[in-house]
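Naming: A, B, ... by sequence-line order, numbering from 1 per chain.
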2 protein chains.
Amino acid sequence: MSRVTIADVASAAGVSKTAVSFAFNNPERLGQATLERVLGVAQDLGYAPHPAARALSMRRSGTIGVLIPQRLSTVFANPFLGELIQGLGELCEEHDLTLLLVPPLDGSLEGAIRQASVDGFISLGLSPDDRALGVLDRIGIPTVLIDSEGSPAHPAVNVDDQGGAEVAARHLLELGHRQLAIIVLPPARTQTHSTPTAARRLAGYLAAITAAGAPEPHSVVAGVSVAAGAHAFEALPRGRLRPTGVLAMSDMGAIGVVIAAQRAGLRVPDDISVVGFDDVPASAWTNPPLTTVRQPIVEKGRLAARLLIQRMKGRPVTSPAPLSTRLIVRNSTSRARNLDLPMYGREIE
Amino acid sequence: MSRVTIADVASAAGVSKTAVSFAFNNPERLGQATLERVLGVAQDLGYAPHPAARALSMRRSGTIGVLIPQRLSTVFANPFLGELIQGLGELCEEHDLTLLLVPPLDGSLEGAIRQASVDGFISLGLSPDDRALGVLDRIGIPTVLIDSEGSPAHPAVNVDDQGGAEVAARHLLELGHRQLAIIVLPPARTQTHSTPTAARRLAGYLAAITAAGAPEPHSVVAGVSVAAGAHAFEALPRGRLRPTGVLAMSDMGAIGVVIAAQRAGLRVPDDISVVGFDDVPASAWTNPPLTTVRQPIVEKGRLAARLLIQRMKGRPVTSPAPLSTRLIVRNSTSRARNLDLPMYGREIE
DNA sequence: CCGTTTTACTAAATCGGTTTATGGTCTGGG
DNA sequence: CCCAGACCATAAACCGATTTAGTAAAACGG
């Protein structure tokens with residue numbers, strides 16, 4: 001009942017284990033006749049080399065791990081990861097690699113990292129002081145960071161978050177919005193402070209806002225999901241202080257805000273403008289289509305995978321320049337209603 | 001520079017490899033003093049057991065594989081997989097398992113299956129005669145099928161595709177639509193004929209249509225993506241024979257149809273009704289929100305993972321009853337325009 | 001015909017763990 | 001004082017492959 005091993009094939013074919021191994025990995029080292037016989041027997045027996053045994057002796061598993069900072073059961077609610085995997089996947093296919101999703105094992109990424117049999121890691125959104133990073137270079141597995149601070153040890157792939165955020169905020173300001181709100185991404189996994197990405201986007205928003213001399217924005221923390229975005233909207237000030245423009249750090253959050261606003265009887269963009277971040281595909285289909293900051297997610301995945309594969313080959317690699325972002329203006333933003341119009345400041349609901 | 005092994009720890013702590021192993025896996029078999037010393041040394045050296053070695057000797061890898069019928073670079077364009085993984089992920093977390101994505105290795109799923117070091121497989125949408133299935137039970141790794149024909153060897157988790165499709169078609173027919181079109185899912189990976197899911201949905205559509213005595217629908221094959229759906233719309237007959245109702249076998253396809261229709265100057269649902277399948281979350285946010293057949297994707301993932309884990313524990317498992325589907329009526333469908341109205345049959349563009 | 005390659009194959013070491021079987025040391029009871 | 005049992009720790013076997021070093025036989029060159 002148990003699995004067919006190389007020894008079974010060897011004895012069935014009347015040769016040594018070495019010969020069987022050669023048949024698959026070094027066929028030219030075997031005579032025609034033996035080669036065919038061994039291959040035939042292996043086929044008949046349904047032999048497949050044990051992957052773990054193979055990985056152990058070859059010191060490579062043919063797998064790269066994606067270090068995910070959240071639970072699997074929630075992280076895919078954001079299309080971002082799916083997009084990223086499309087990019088990673090392209091290079092994995094080229095190089096015959098499979099992808100292992102590595103979420104925290106009962107809360108601990110460190111533990112998960114040790115368990116994972118991979119040749120390299122792509123790590124998402126780790127803060128520079130996450131303990132997982134320590135484990136990573138202690139174990140010495142090549143790693144490429146995405147959305148983190150780069151370090152001499154590990155190259156990082158980033159986009160111009162701050163620049164993108166700045167343009168987004170300026171867009172609202174130029175449309176005449178003064179009273180803004182920011183939907184801030186939740187803090188890093190174990191830390192209380194924000195992720196590098198959130199920090200950079202926030203810096204961009206604030207830079208534009210203070211440069212324009214607009215009042216300090218109200219800010220609410222919300223996870224990257226439609227529900228969280230909707231919830232965040234509820235937490236916004238109402239009445240006279242109600243923001244007319246919302247800067248969300250994610251598209252999902254922005255969509256949530258839009259939906260909650262509409263449910264509350266506001267029209268988007270007439271009563272409230274909302275701008276997202278990421279430009280996931282769905283942003284183009286929403287009602288209204290979302291104004292958002294586009295970042296090249298698939299390209300980011302491709303680039304990170306490419307760098308990782310370089311590192312896995314032993315070549316030294318340094319962090320590339322941040323990929324550029326750009327504002328995609330669709331229909332969730334419009335000119336701010338004039339302060340004197342009767343509509344301004346009306347109570348919600 | 002190379003990795004710290006159990007032997008290094010053993011010699012550094014002045015004990016045997018066995019003792020080190022026990023320190024981690026069988027701490028009660030060691031004395032207090034030794035235990036602490038070994039653990040301390042291991043910590044200092046940054047020791048982590050080699051996952052492949054561990055997997056080899058323990059005969060388990062702590063990983064389950066998801067057999068994906070398409071390339072990674074395309075499959076995540078459909079939110080379906082992400083949703084499913086949310087479900088799988090819930091149970092993986094409970095049982096400390098990681099998830100390996102196993103797409104075809106240069107075209108061959110069989111090859112990919114052999115390489116994957118996993119304790120079990122979840123397989124997506126395999127036709128009953130796919131050669132990959134043969135490999136699966138030859139190797140003897142527990143497997144649960146999703147969206148396939150179940151077999152005595154492998155339990156399958158399915159939803160009531162046919163019933164759902166039937167309700168969807170009836171919905172359009174009851175709204176007065178006669179001239180329908182069907183956007184058919186593309187055939188299985190290597191085969192020329194359709195996947196079980198596509199076949200069942202098609203059967204459902206046709207059952208309702210013939211029962212209603214409506215004319216035979218036009219059908220177009222299109223992949224599960226917005227672009228493919230849009231493309232499919234272009235292939236639909238125009239003029240007098242233009243369908244007023246479209247049955248898409250996926251939400252992504254449906255969204256593509258909607259977008260292409262709107263681009264062509266049609267109003268949805270006034271000029272053309274479209275119904276999707278799956279009810280991925282994005283369907284609720286589109287413009288207009290999509291009428292679609294809801295299937296419980298996350299639940300499907302949960303159930304499949306639960307069954308697989310049972311099988312991995314050696315318990316026998318049989319295919320559960322199909323999960324039920326239901327029609328979610330939103331705004332992409334409406335009463336068919338009366339045949340006599342001047343608008344009917346107007347040329348597109 | 002003899003030494004040298006080449007060819008075809010194999011025994012044994014190795015990868016890095018876990019596990020089984022066993023051997024000492026201490027303790028306590030008779 | 002002796003023996004049984006409890007307690008700790010270890011040597012060696014094992015998991016299932018790859019790979020190194022080497023051997024026997026055949027082919028080759030002069």
B/Leu35 CG to D/dT10 P, in whole Å, measures 13 Å

Of C/dT20, D/dG16, C/dC9, the nucleotide closest to the side chain of B/Arg29 is C/dT20

The nucleotide from C/dC9, D/dA17, C/dG17 with an atom nearest the side chain of A/Ser57 is D/dA17

Point to revise | Salt-bridge present (A/Asp147, A/Lys300; N to O < 4.0 Å) | key: yes

Closest of D/dA17, D/dC8, C/dT18 to the B/Thr34 side chain is D/dC8

Between B/Leu30 and A/His50, the residue closer to the 5' end of DNA chain D by nearest nucleotide is B/Leu30

Of C/dG16, D/dA17, D/dA11, the nucleotide closest to the side chain of B/Ser16 is D/dA11

B/Gln32 atom CD is separated from D/dA9 atom P, nearest whole Å, by 11 Å

Rounded to whole Å, CZ of A/Arg59 lies from C1' of D/dT20 at a distance of 12 Å

To the nearest angstrom, the CE-P distance between A/Met58 and C/dC15 comes to 16 Å

Q. Taking N and O atoms by type only, does the side chain of B/Lys17 place a donor or acceptor under 3.5 Å from a partner on the base of C/dG17?
A. yes

Base C/dA11 paired with A/Thr18 side chain (donor-acceptor, <3.5 Å): yes

